[in-house]
Amino acid sequence: MTPAPVRVRFAPSPTGYLHIGGARTALFNWLFARQQGGQFVLRIEDTDTERSRPELIDVIFQALEWLGLDWDGAPVHQSQRSELYSSAIEKLLADGSAYWCECTPDAVKARAAVRGGPPGYDGFCRDRGLGPGEGHVVRFRVPDEGTTAFDDVIRGHVSFENANLEDFVIQRSNGTPMFHLANAVDDADQGITHVVRGEDLINVTPKVLLIRDALHAAGELTFAHLPLIVNEKRQKLSKRRDDVSVGDYIDRGYLAEAMVNYLATLGWGAPDGIEIRPLPEIVELFRLSDVGSSGAFFDVKKLQHFNGEYIRNLSVPQFVSSSTRWLFDDPPWPPDRFDVATFEVLAPLVQERVKLLSEVPGYVDFVFAPEPTIDDASWQKVMVKGGELATAVLDHAAGAFEVCEWDAASLEAALFAYAEEHDVARGKVQAPVRVAVTGRSVGPPLFESLEVLGRDETLRRVRDARARL
RNA sequence: GCCCCCAUCGUCUAGCGGCCUAGGACACCACCCUCUCAAGGUGGCGGCACGGGUUCGAAUCCCGUUGGGGGUGCCA
């Protein structure tokens, strides 16, 4: 017999934005599905009506779209499938796999405190034959003996003693199902073949397995628990503590391709060791069983390196259009002074220098702003400490730039004539002009910049700076 | 406390019993290139947590110790 085609799911809960950890989980599911020629489906786990925020669902979808992780079929919303869960719960209740319980969380906690020992539910209502009622929940009757085990693609054999599992809630007192139940029902109903998720969910696996057993769920379910992505303290990434919203990375000027490529290296490595490579190659090489099992630190520095590589690999038109947002959204110059054609001239020079698209405006603001924004540290270093050299160079430039041809090569020759005559390093000679014209001691190549700025404005800025020395 | 998982350079990883004097990448340092900054080039720094086994041979297999993480909700 031929094995069932792979069908995996990404099942976010709309209680927050898509974060880095979720994006990685979605990516690995997607990679596995695409590599296997299988399907990747989406399921919104919104059974907790108190916490779910429907407006976040689209935000999550948009983040997945931005990442380029396309899904098969329409997403399933658990909130719209309550009949399925209720009938599963009735079935479990009917055959004794589950029972009604009237204990409040406080009562459970209080008894545990009196009892001492491990916290958790003590099976108080197990055999009381309670029925539905105000404040009643449904609990799953966990076998007292035996073990529940599974073979994890990434971790190997994992087993739990049933005796260590408490009778957990599968239906809240408000009638909504808990996620273990909905999860087990949906995975069976949707024909899911592999569950690929974070390691933080590994200990709910026996509960889901127990429910599947009791429901006589059809089909095999294979699990793969991904290592967690951790922060610098090696703790699981947290939305509150860490900077992890995918949306924030979009806003900072990261390219989706760079993010996806970087995320793929967290827990997985291509056999040939090449890290930066096109997505189709990653799809081809990806093997779920090759995923590592220890936590991986989310290293923004390395992500930035990847991003710089991807930015440099863009064609110039692609770079220009990718930068658009940062050029028009709250730019550091009066919007009407911006000119695309001018930017396009400078674009290739900027492209090879930025790691983030959000840095782009800072490289071209001197052209579009009426005055250069003077960086104090640069002025101090070059103009003040530079002393006589600065004044001499600016005087030379003011004269030479007035008569030379206005193109980069001529400007370079005109300015560096000073370096030849006075035997001064070219680096020292360009500095005062750069600070006078752009306000900073670093930036795109100077002479191309001057060419774009034009003779009148360049001379005005040079004289202006000279006057202030 | 109890349960589960993990352990190769600072970080991400390659390694799946001899090819390892442990390879690559990021970061860092030096030098080269150079109008600044980047990019690029060359070189450097730096690791198998520890202790027992198994074996002719262990980063690789087994056990233990230590360390770290996750879970322990009427969240997912």
Side-chain angles (χ1 to χ4, degrees), chain A residues 11-16 45-48 50-52 101 103-105 108-109 116-121 135-139 152 154-156 158-161 163-166 168-174 176 178-180 182-183 197-206 225 227-228 230 232-236 262 265-276 290 292-306 308-309 312 349-355 363 378 382 411-412 415-416 419 425-431 433-435 438 440-447:
Chain A
S13 168
T15 53
E45 304 218 327
D46 50 358
T47 59
D48 186 347
E50 307 279 305
R51 271 168 249 257
S52 286
C101 168
C103 302
T104 61
V108 171
K109 214 173 290 176
Y121 185 64
H136 293 196
V137 298
V138 177
R139 287 185 183 271
D152 192 286
I154 294 169
R155 275 153 228 287
V158 181
S159 87
F160 295 79
E161 294 292 329
N164 289 324
L165 267 29
E166 65 177 42
F168 52 92
V169 173
I170 56 176
Q171 183 180 84
R172 300 185 183 90
S173 58
N174 68 5
T176 56
M178 288 287 288
F179 109 104
H180 320 90
N183 213 265
R197 56 172 24 160
E199 196 202 342
D200 50 342
L201 290 169
I202 197 164
N203 35 231
V204 333
T205 305
H225 287 94
L228 260 23
V230 302
E232 62 289 335
K233 293 167 73 181
R234 302 215 67 84
Q235 293 167 328
K236 176 170 100 163
Y262 174 66
T265 68
L266 260 28
W268 178 81
D272 58 11
I274 296 173
E275 296 185 316
I276 296 182
D290 286 344
S293 41
S294 45
F297 171 60
F298 184 71
D299 187 351
V300 178
K301 280 249 183 75
K302 189 157 179 176
L303 205 213
Q304 280 186 9
H305 175 260
F306 275 45
E309 291 278 308
R312 288 191 295 277
L349 304 175
V350 176
Q351 182 177 3
E352 60 186 51
R353 287 173 168 74
V354 296
K355 283 193 162 72
Y363 275 86
S378 299
V382 176
L411 285 160
E412 178 172 350
L415 182 63
F416 288 155
R426 294 177 160 209
K428 294 280 186 197
V429 174
Q430 59 94 38
V433 177
R434 181 182 292 281
V435 173
T438 73
R440 305 189 190 90
S441 54
V442 302
L446 182 61
F447 305 107

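In what follows, chains carry the letters A, B, and so on, assigned in the order in which the sequence lines appear, proteins first and then strands, with residues in each chain numbered from 1.
- The side chain of A:V442 approaches B:C37 more closely than any other nucleotide in the set B:C37, B:C12, B:G1.
- In this structure, the side chain of A:R155 engages the main chain of A:S293 through a donor-acceptor pair within 3.5 Å.
- No hydrogens or angles were tested; on distance alone, nothing pairs the side chain of A:R155 with the base of B:C5 as donor and acceptor under 3.5 Å.
- Applying the Watson-Crick and G-U wobble criteria (two distances, each under 3.5 Å), B:C2 pairs with B:G71.
- Using a 4.0 Å heavy-atom distance criterion, A:T47 is classed as a sugar-phosphate-only contact.
- Taking every side-chain heavy atom of A:V158 into account, B:C4 is the closest of B:G1, B:C35, B:C4.
- Contacts of A:V169 with the nucleic acid, taken as non-hydrogen atoms under 4.0 Å apart, involve only primed sugar atoms and P, OP1 or OP2.
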Give each protein N/O atom lying under 3.5 Å from an N/O atom of nucleotides 22-28 of chain B, with the pair distance.
residue, atom, partner, partner atom, Å
B:G24, N2, A:E275, OE2, 3.0
B:A25, O2', A:E275, OE1, 2.6
B:A25, N3, A:K302, NZ, 3.1
B:C26, OP1, A:H305, NE2, 3.1

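- Using a 4.0 Å heavy-atom distance criterion, A:G443 is classed as a base contact.
- Side-chain contact check for A:V158 versus A:T205: every heavy-atom pair is 4.5 Å or farther apart.
- A donor-acceptor contact under 3.5 Å is formed by the side chain of A:S173 with the base of B:C74.
- Within the nucleic acid shown, A:F160 comes within 4.0 Å of sugar-phosphate atoms alone, with no base atom in reach, counting heavy atoms only.
- The backbone N or O of A:H225 lies less than 3.5 Å from a partner atom in the side chain of A:D152, making a donor-acceptor pair.
- Remark: the separation of the P atoms in B:A14 and B:U8 is 11 Å, to the nearest Å.
- Not one N or O on the side chain of A:R312 forms a donor-acceptor pair closer than 3.5 Å with the backbone of A:V354.
- Nearest nucleotide to the side chain of A:F179, out of B:C6, B:G73, B:A76: B:A76.
- For the P atom pair drawn from B:C4 and B:G46, the interatomic distance equals 40 Å after rounding to whole Å.
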*Derivation of the side chain to side chain contact (heavy atoms under 4.5 Å, CB included) call for A:V204 and A:H180*: CA-CA 7 Å; A:V204 333; A:H180 320 90; 4.1 Å; yes
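- A gap of 16 Å separates the C1' atoms of B:C6 and B:C48, to the nearest Å.
- If you check every strand for non-hydrogen atoms under 4.0 Å, A:R440 touches nothing.
- Taking the ring axis of A:Y121 as reference, the NZ or CZ atom of A:R139 stays within 45° of it and closer than 6.0 Å to the ring centre.
- Panel note: side chain A:T438, backbone A:V435; no donor-acceptor pair is recorded below 3.5 Å.
- Remark: the backbone N or O of A:L349 is not paired with any side-chain donor or acceptor of A:E352 at under 3.5 angstrom.
- Across the strands present, B:C28 finds its partner in B:G44; the criterion is a Watson-Crick or G-U wobble pair with both atom distances under 3.5 angstrom.
- At least one donor-acceptor pair under 3.5 Å links the side chain of A:R234 to the backbone N or O of A:G295.
- If you check every strand for non-hydrogen atoms under 4.0 Å, A:P12 touches nothing.
- Using a 4.0 Å heavy-atom distance criterion, A:F168 is classed as making no nucleic acid contact.
- Between B:C62 and B:U55, the distance separating the two C1' atoms is 12 Å to the nearest Å.
- A donor-acceptor distance shorter than 3.5 angstrom exists from the side chain of A:S378 to the backbone of A:S441, with no hydrogens or angles considered.
- Separation of the P atoms belonging to B:A38 and B:G23 is 29 Å when rounded to the nearest angstrom.
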Dump the pairs, protein N or O against N or O of nucleotides 68-70 of chain B, anything under 3.5 Å, distances to one decimal.
residue, atom, partner, partner atom, Å
B:G70, OP1, A:K236, N, 3.3
B:G70, N2, A:N203, OD1, 3.3

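- Salt bridge status for A:R426 with A:E412: present, with a side-chain N to carboxylate O gap under 4.0 Å.
- The gap from the P atom of B:A49 to that of B:U13 amounts to 15 Å, rounded to the nearest Å.
- Distances from the side chain of A:M178 to the nucleotides B:G73, B:C35, B:A38 place B:G73 closest.
- When the nearest nucleotides of RNA chain B are assigned to A:G269 and A:Q430 by heavy-atom distance, the more 5′-ward of the two goes with A:G269.
- For the pair A:Q171 (side chain) and A:T176 (backbone), a donor-acceptor distance under 3.5 Å is absent.
- Residue contacts for A:S159: at a heavy-atom cut-off of 4.0 Å it reaches the sugar-phosphate backbone alone, with no base atom in range.
- Nucleic acid contact for A:A431: none, since no nucleic acid atom lies under 4.0 Å from a heavy atom of the residue.
- Residue A:R426 is classed as a sugar-phosphate contact, given heavy-atom separations below 4.0 Å to backbone atoms only.
- Note on A:C101: nothing from the nucleic acid sits closer than 4.0 angstrom, heavy atoms only.
- In terms of position on RNA chain B, the residue among A:H180 and A:Y121 whose nearest nucleotide sits closer to the 5' end is A:Y121.
- The side chain of A:P105 lies closest to B:C74, out of B:C35, B:C74, B:C12.
- Within 4.0 Å (heavy atoms only), A:G267 reaches sugar-phosphate atoms of the nucleic acid but no base atom.
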